[in-house]
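Every number for a ligand or one of its atoms is a count from 1 in the order of the listing.
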Amino acid sequence: MRTNQPTTIHLSEYKVPAYLVDAVDLCFELFDDGARVHSTLSVRHNPESTEESAPLALDGDSLKLESVALNGKELAAGDYEETDEQLVIAKVPVQFELKVVTWIEPQNNTRLEGLYKSSGMFCTQCEAEGFRCITYFPDRPDVMARYRTRIEADKNTCPVLLSNGNDVEKGDLDNGRHFVTWEDPFPKPSYLFALVAGDLVEKQDTFTTCSGRDIDLRIYVEARNAAKTRHALDSLKRAMRWDEETYGREYDLDIFMIVAVDDFNMGAMENKGLNIFNSSCVLASQETATDLAFQRIESIVAHEYFHNWSGNRVTCRDWFQLSLKEGFTVFRDATFSADMGSSTVKRIEDVTLLRTAQFAEDAGPMAHPVRPASYMEISNFYTLTIYEKGEEVVRMIHTLLGPELFRKGSDLYFERHDGQAVTTDDFVRAMEDASGRDLSQFRLWYEQAGTPELTVSDNYDDEQGVYRLTVQQSVPDTPGQTDKKPQHIPFALGLLGADGETLPLTLENDQNAASAPVERVLELTEASHTFEFHGLSQKPVPSLLRSFSAPVRVVYPWSREQLLFLMSHDSDGFNRWDAGQRLAIDVIQSLVASTETVEVEPRLVEAYRSLLGDATLDQALVAKMMQLPSEAYLVELANSPDVAAIHRTRERVATYLATALRDELIECYHRNTGTDVYEITPESVARRSLRNTALAWLLMINDETGRDLALAQLSAADNMTDRMGALRALVNSDYASERTQVLTDFYERFQEDPQVVEQWFSVQASSDRAGQLPQIHALLEHPAFDWKNPNKIRSVVAVFAGQNLAAFHNPDGSGYEFLADQVCRLDDSNPQIAARLVTPLTRWKKFAPAYSALMRSALERVRDKSELSADLYEVVHKSLES
Ligand code: BES
Ligand code: ZN
């Protein structure tokens, strides 16, 4: 375990490494009671380093050092210094070979960093700093080496032995053991190293690249999961083709492997040629995975595959540059998913996450820029800001440059930096050089934290036919950052006429009014801009920030008429949805604020009614539009939110709407239900989504027909989407005995399947009916719950604190105390997960005083825990000190 007072690392103190490693030769002897790691490094002084006779300092964590030899000569104890975190050799030649032998205990590794065991299988997770838990090494991404890895293990328990690259040698050893040697021809940073050893079955496929090379694709899983690999393999092939066509990127090794493991801190990891996946992010079958899970698997498989270029061939110079690979790769996988399905729906989902969770992060105590300036524990910086805001930043470059110049820019980036460890600035420079555009002001997106706010006002001059739009921007203060400069913001907009038609946008200096476009991307660079649109015979309704062209908040005094109008006429699908959300938010907020019982806006009811009845609309979009803004988003939008009041009001509005729309909901359910065979096409996914949305509404009002439909659907379902849709609706209803019954039946049927049991936990933990604190305690005592498995912890504890807001924010503080207890308990076994889990408490400042005091005291209790990990230390202290 690390020291208690972690040090802060600053970007400004970056220095090139004093020593480089050209080659690494590893030999792993794997046993039941531990593993011996022999490492041979070819080291030389870095010619770019000014530290001439610097000591050699290697990182290490939880290692037992057995021996060190330099150029074949064993070092004596006085020749080197061993601390908790480093092995230092004061005097080394300019070039030498270093042999280090360490002993580690994968079977006792509960942090799941480095080499550990999951369901009897050895596996690794090295990003960001896990390689140092395997052997001593300069564990930083700008040290890139060629790896050769020999694995020796028992042939019975570990018939499959995998590492990066190609297998070059294999054979039997004494005592029922065997070995395989792997060689990766591409130099890589240590964080991309991987090893897997276990009893796995192999599922095989092939992909022929654009240049005609046959790539051997393999997925390795435990035998019981053999029937759940098809979707991932198909997704992989689609991603490989897409990256060739869209980015001109071909795969580079002859073999690409994916391994599924049950115990994994994250979703998946892009190790060179050997991606390791959390089982829940790769295994799927019709019976066990929902449509959402299928889509998520497709995008994660693509994401990790895309890293082969954006991350592996071109990697990060240091961890401050993390968004260089993550933001860019999320942009790549989002574009891929948009191309595979409905781009509007994909955009709605991504923006929902961004606005609900990233905006909250950006307004909270851990707010940081896309390229942070400092950190204590890097694993705390795999954040929504690095990923989702980082994606938006790349997307804005794409919007500003247009697709052709963006592609020229990415080609230049990959060509110029192939084999290098670079910075976000190198990425932006490649985009500038390829396009001729100046992005110097745009770079502020990487440096300034906080969500910019755009305040928009307008007026119409009917004598001149001129519509003026003024946009003012400001960037809020964040911890350690004040007085921010205006940013360069692409602001897409359209104007709608009285009949809903899109109007030509003729700016004052436009020569050719006749060919004026109907959509424009205005570029905001100053604190205030006024745009004049000419030749308009009526006051238009503005459609602002189309497709969410920048990660900003837009404030404009929309009237309910305007929102209703946009909701049914905007040609931008995203903004159509957004208008509906804004209207619902306005209705809910006005009811939260008022003390009398006011009627729910009748025009909202009618808008939903026409949505439900309109079979000509994209049904996937209808299903999205039929969803009320989440409690979490309503909380995010409020100042000093009273969570209980928001919860009650949202329920009241939902109940009112469902009562008014009951017949239409039943009709919609039947229209979207039939004897259709299960397929994962956009049309059938939309049908299932819509019928399950209708069920959820009906059960909100405890409708008997709805209940019967749900029970019938549950027993007839041939797929998990329908089964889960019905289960969720029933669990969230007041039919208490049905709820208990269906939960019991469901568990009995699927208890052998960990991925389904995780969904079963989540449905309960997120429900205000089935997930009150005593029931959550019972889930933790359930035989299927496992404190060593991050998925189980997430599906109960994180889902409770993040999705069951009314229960978590119980005014008596019990939800907070509960979370503090679980965080403390977990910190001793898995600090990364503990630090993530504590997030909801860190937002204490936002809430109304009574809540906030209780949250703070729960957080102080975590702070005062003995032997606090570095991970938790950073999050808790920053939150309390802000
Ligand atoms: N490189 C990360 C995985 C990672 C992150 C490992 C932090 C160790 C520490 C991987 O490429 C990734 O980003 N995975 C995401 C899913 C992805 C679809 C955004 C994840 O694991 O959540
Ligand atoms: Zn990633």
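- Applying the 4.0 Å criterion to heavy atoms of Ala268 picks out, from ligand 1, the atoms 2 (C), 3 (C), 10 (C), 12 (C), 14 (N), 21 (O).
- Not one N or O of Tyr382 is nearer than 3.5 Å to an N or O of ligand 1, by distance alone.
- Distance OG1/Thr290 to CD/Gln759: 5.5 Å, rounded to 0.5 Å.
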Go through the steps to decide whether Asp871 and Ser379 satisfy the test side chain to side chain donor-acceptor pair (under 3.5 Å), and finish with yes or no.
CA-CA 7 Å; Asp871 308 64; Ser379 42; 3.2 Å; yes
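- Residue Glu270 approaches ligand 1 through these ligand atoms, each under 4.0 Å from one of its heavy atoms: 1 (N), 2 (C), 10 (C), 11 (O).
- A cation-pi arrangement, defined by a distance under 6.0 Å to the six-membered ring centre and an angle within 45 degrees of its axis, is absent between Arg332 and Phe336.
- For Glu415, the CD atom counts as loosely surrounded, since its 6.0 Å shell holds 12 or fewer non-hydrogen atoms of other residues, nucleotides or ligands.
- Each of the following atoms of ligand 1 lies closer than 4.0 Å to a heavy atom of Gly267: 20 (C), 21 (O), 22 (O).
- Note on Asp234 versus Arg238: no salt bridge recorded, every NZ/NE/NH1/NH2 to OD/OE distance being 4.0 Å or above.
- Checked by atom type, the side-chain pair Trp242/Asp339 shows a donor-acceptor distance below 3.5 Å.
- Below 3.5 Å of separation, one finds no N or O of Ser299 facing any N or O of ligand 1.
- In this structure, atom 4 (C) of ligand 1 lies nearest to the protein heavy atom Glu127 OE1, 3.6 Å.
- Between Asp263 and Lys788 there is no salt bridge, since no side-chain N of the basic residue sits under 4.0 Å from a carboxylate O of the acidic one.
- Closest to atom 11 (O) of ligand 1, if we only count protein heavy atoms, is Glu304 OE1, 2.7 Å.
- Computed with the Zn ion (ligand 2) at the centre, the His303 NE2 to His307 NE2 angle is 90°, stated to 10 degrees.
- No side-chain donor-acceptor contact under 3.5 Å links Tyr147 and Ser163.
- A 4.5 Å side-chain heavy-atom check between Arg429 and Met431 finds every atom pair outside the cut-off.
- Here is the list of ligand 1 atoms found below 4.0 Å of a heavy atom in Tyr387: 2 (C), 5 (C), 12 (C), 13 (O), 19 (C).
- The nearest N, O or S atom of Glu326 is closer to the Zn ion (ligand 2) than 2.8 Å.
- Of all the atoms in ligand 1, the ones that sit under 4.0 Å from a non-hydrogen atom of Lys325 are 1 (N).
- With atom 8 (C) of ligand 1 as the reference point, the heavy atom nearest to it among Gln125, Glu391, Met269, His307 is part of Gln125.
- If you look at Met266 next to ligand 1, the close heavy atoms, those under 4.0 Å, come from the backbone and the side chain alike.
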